[in-house]
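Below, read A as the first sequence line, B as the second, and so on, with proteins coming before strands; counting in each chain starts at 1. Just so it is clear, the structure is predicted and the values come from calculations on it, not from any experiment.
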Amino acid sequence: MPVHNSEISDIFGKMADLLEIKGANQFRVRAYRNGALSISNLSKSLRNMVSEGVDLTDIEGIGKDLSDKIKEIIETGYLEELQELELEFPGGLIDILKIQGLGPKKVKVLYDELNIGNVDELRKAAENNDIRKLSGFGAKTEENILDGIKAREEKGEDKRFLFAKAEEFILSLTEYIKGINGVNKVTVAGSYRRRKETIGDIDILVTCKDRDIVMDKFTNYEDVNKVVSQGNTKSTIILNSGLQVDLRVVDGESYGSALLYFTGSKAHNVVLRSIAKDKGLKVSEYGIFKGDKNLASKTEESVYKKLGLSYIVPELRENNGEVEASKNNQLPKLVELNDIKGDLQMHSHYSDGSNTIREMVEAARKMGYEYIAITDHSKRVTMAGGLKRDDVLKQLEEINKLNEEYDDITILKSIEVDILKDGTLDLSDDILKELDLTVCSTHYNRNLSREEQTKRILAAMENPYFNILAHPTGRIIGKRGEIDVDMEKIIESAKKNNCFLEINAYPKRLDLSDNYCRLAREMGLKLSISTDAHSINDLNNMIYGINQARRGWQRPEDIINTRSLKELLQLLKKD
DNA sequence: GCCGTTTTCGGCCCGACTGTTTTCAGTCG
């Protein structure tokens, strides 16, 4: 029975939700949540770890009990204790818990008093004004519940925004805030600053002269749909897009500690606070304190320093070993946008791209690239106008001519060749051997079993002309999951066959995930970062791939397209 | 339920805001 880390993490999340409604010890609830988070951050699959006999209690937040529960889930596909809890409380309560303003205590009262077990029943009760009669509830709460239900329906359940999409809203909002009279610093903190692939909500920190003016202007921003709260230090709005934004006004003196606190992640902050505690200190958004004395607060660096740590960049703040690395001065120097010397996946009008090769080359020259690879689709991908043998030959001719014309950039001859169901490549070796490199990917037969899917890709990697596995899991964030593969085996095989995996920078893909990037780094496999551009504008997406790589602990030397053309070709060479 | 150079029990982050109640509990991040 295939059980993935995300499923185990979800089960522990549900356990936490239902236990909380039940009124269980809050620290027990937290233990489940910590366990869920810890699992979702793992680079290796628990399934493989169990079969290899790894001691799961080595994982932070996993003790004897959760370790046994993980094994139970992997063996049986479910957790008996959760099933028992679901008999006590309807599963629909978890949906109610997700509505803004409703926490475990209120949900339990609603269930106990009015027998409300799902969102529909909740809506009816609110519309009948039954809820305001309950002690602790009132007319305003009822109104907020209806608003909350509506917001969830409009926004869609658990909807997070793609980083690139959230960025659009954030840029115009921060411009607006910067224009408010008396505003000094404006910084977007939270998961946006950590460059997560998706963003739940936005935290903006400002320093200013007059708090009231800023809060007033903020809640009256033209794109506001609802003002959730407005106070002196914190206000919350929901934009018309459904994106929630918190604005926090802080003193310049505590800017660093506030930035640290509101950038998170929560797990990172918890570790920092425990280090502080061991040293007899206390960390809050106002500073790092010894008794009442504030030792440091102005910059993040100063707070880290008081904890005996070197500065940790936001992308690494997930409690994935970054604190330990900082303590030992072993933090990696992460790859940056200007390390990139070329782009190894893009499409032209030969297949489904919207620009000519020449236009792509001109755009790449403006970006200062030393090389690009033109990687149109191969024939199997009919929908995208995949290239047949003769089309490829024609394209190679055009590229040869262009290469004669330009002396500041090299156009690498390549193709995004489809990996067929049986693991063979969609074009024969005699044409592949004419190319400088191949970018290989799966587009069809996404539903194969884990064993078959893995076997398919391993077989393809045995082909002597296989260079880069593009968008390795085929996911589309928020729309389509990953194909089921054993990534450890794929990475092993890539190393063995001198192949590489791609970080696809396309905002909807960002494939590899940060966890898989870390796995590749741990296993010593190099990656490429490519935009998969279908137009000249898409070439600018490289930054999103860089973000992903940085979250995956990638250094410049781990990325093949940080190399000069000469070094790159050397790396691609098979023995 | 997890964790541990104060290790097998006792602690586990805490401050802001809202809505209800009348001094504070619940929620959120």
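- One interatomic measurement links the two molecules: CD of A/Q26 to P of B/dC28, which rounds to 15 Å at whole-angstrom precision.
- Within residues 100-128 of chain A, the residues that have a heavy atom under 4.0 Å from DNA chain B are, in order of number, A/Q100, A/G101, A/L102, A/G103, A/P104, A/K105, A/K106.
- Between A/E315 and A/R195 there is no salt bridge, since none of the side-chain N atoms of the basic residue sits less than 4.0 Å from a carboxylate O of the acidic one.
- Comment: A/D120 engages A/R123 in a salt bridge, judged by a side-chain N to carboxylate O separation of less than 4.0 angstrom.
- A straight line from CD of A/E81 to C1' of B/dG1 spans 10 Å, rounded to a whole angstrom.
- Side-chain nitrogen and oxygen atoms of A/Q244 include at least one within less than 4.0 Å of the OP1 or OP2 phosphate oxygen of B/dG29.
- Only the C1' atoms considered, B/dT20 is 14 Å distant from B/dT27, to the nearest whole Å.
- Using atom C1' as the reference point in both B/dG11 and B/dA16, the two lie 25 Å apart (nearest Å).
- A salt bridge is defined here as a Lys NZ or Arg NE, NH1 or NH2 lying under 4.0 Å from an Asp or Glu carboxylate O, and A/R551 with A/E318 meets this definition.
- A salt bridge is defined here as a Lys NZ or Arg NE, NH1 or NH2 lying under 4.0 Å from an Asp or Glu carboxylate O, and A/K140 with A/E143 meets this definition.
- Contact of the A/I213 side chain with the A/K217 side chain is registered, since non-hydrogen atoms from C-beta on lie closer than 4.5 Å.
- With C1' as the reference atom, B/dC2 and B/dT7 are 13 Å apart, rounded to whole Å.
- Here B/dC2 presents its C1' atom at 12 Å from NZ of A/K69, a figure rounded to the nearest Å.
- Between A/D17 and A/K14 no salt bridge is recorded (no basic side-chain N to carboxylate O distance below 4.0 Å).
- Comparing the P positions of B/dG1 and B/dT5 gives a spacing of 23 Å, expressed to the nearest Å.
- Spacing between atom CG of A/D58 and atom C1' of B/dC3 amounts to 14 Å, rounded to whole angstrom units.
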| remark: B/S/- along nucleotides 4-11 of chain B (protein heavy atoms under 4.0 Å) is -------S

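- Between A/E285 and A/K234 there is no salt bridge, since no side-chain N of the basic residue sits under 4.0 Å from a carboxylate O of the acidic one.
- We find that A/R194 and A/E322 are not joined by a salt bridge, their nearest charged nitrogen and carboxylate oxygen being 4.0 Å or further apart.
- With P as the reference atom, B/dT21 and B/dG26 are 13 Å apart, rounded to whole Å.
- Within a 6.0 Å sphere centred on NZ of A/K306, heavy atoms belonging to other residues, nucleotides or ligands number 12 at most.
- When rounded to the nearest whole Å, the span between NZ of A/K98 and P of B/dC28 equals 11 Å.
- Ring pair A/Y176/A/Y221 is tilted by interplanar angle, where 30° to 60° counts as tilted.
- One P atom belongs to B/dC12, the other to B/dG19, and the distance between them is 31 Å to the nearest Å.
- A salt bridge links A/R475 and A/E197; the closest N-O separation between the charged side-chain nitrogens and carboxylate oxygens is under 4.0 Å.
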| Base-contact (B) and sugar-phosphate-only (S) positions in nucleotides 14-24 of chain B, heavy-atom cut-off under 4.0 Å, - elsewhere | -SSSSSSS---

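- If you take atom P in B/dC14 and the same atom in B/dC9, they sit 25 Å apart, rounded to whole Å.
- Looking at A/F262 and A/T187, their side chains never come closer than 4.5 Å, going by heavy atoms from C-beta outward.
- Base pairing analysis places B/dT8 opposite nothing; no Watson-Crick or G-U wobble pair with both distances below 3.5 Å involves it.
- Judged by a 6.0 Å distance limit and a 45° cone about the ring axis, A/R518 is not positioned over the six-membered ring of A/Y516.
- In terms of position along DNA chain B, the nucleotide closest to A/E60 lies nearer the 5' end than the nucleotide closest to the other residue of the pair A/E60 and A/L97.
- For A/D68 and B/dG1, the CG to C1' distance is 12 Å, given to the nearest whole Å.
- A/I59 places its CD1 atom 10 Å from the P atom of B/dC3, with the value rounded to the nearest Å.
- Put simply, CG on A/N34 is 10 Å from P on B/dC2, counting in whole angstrom units.
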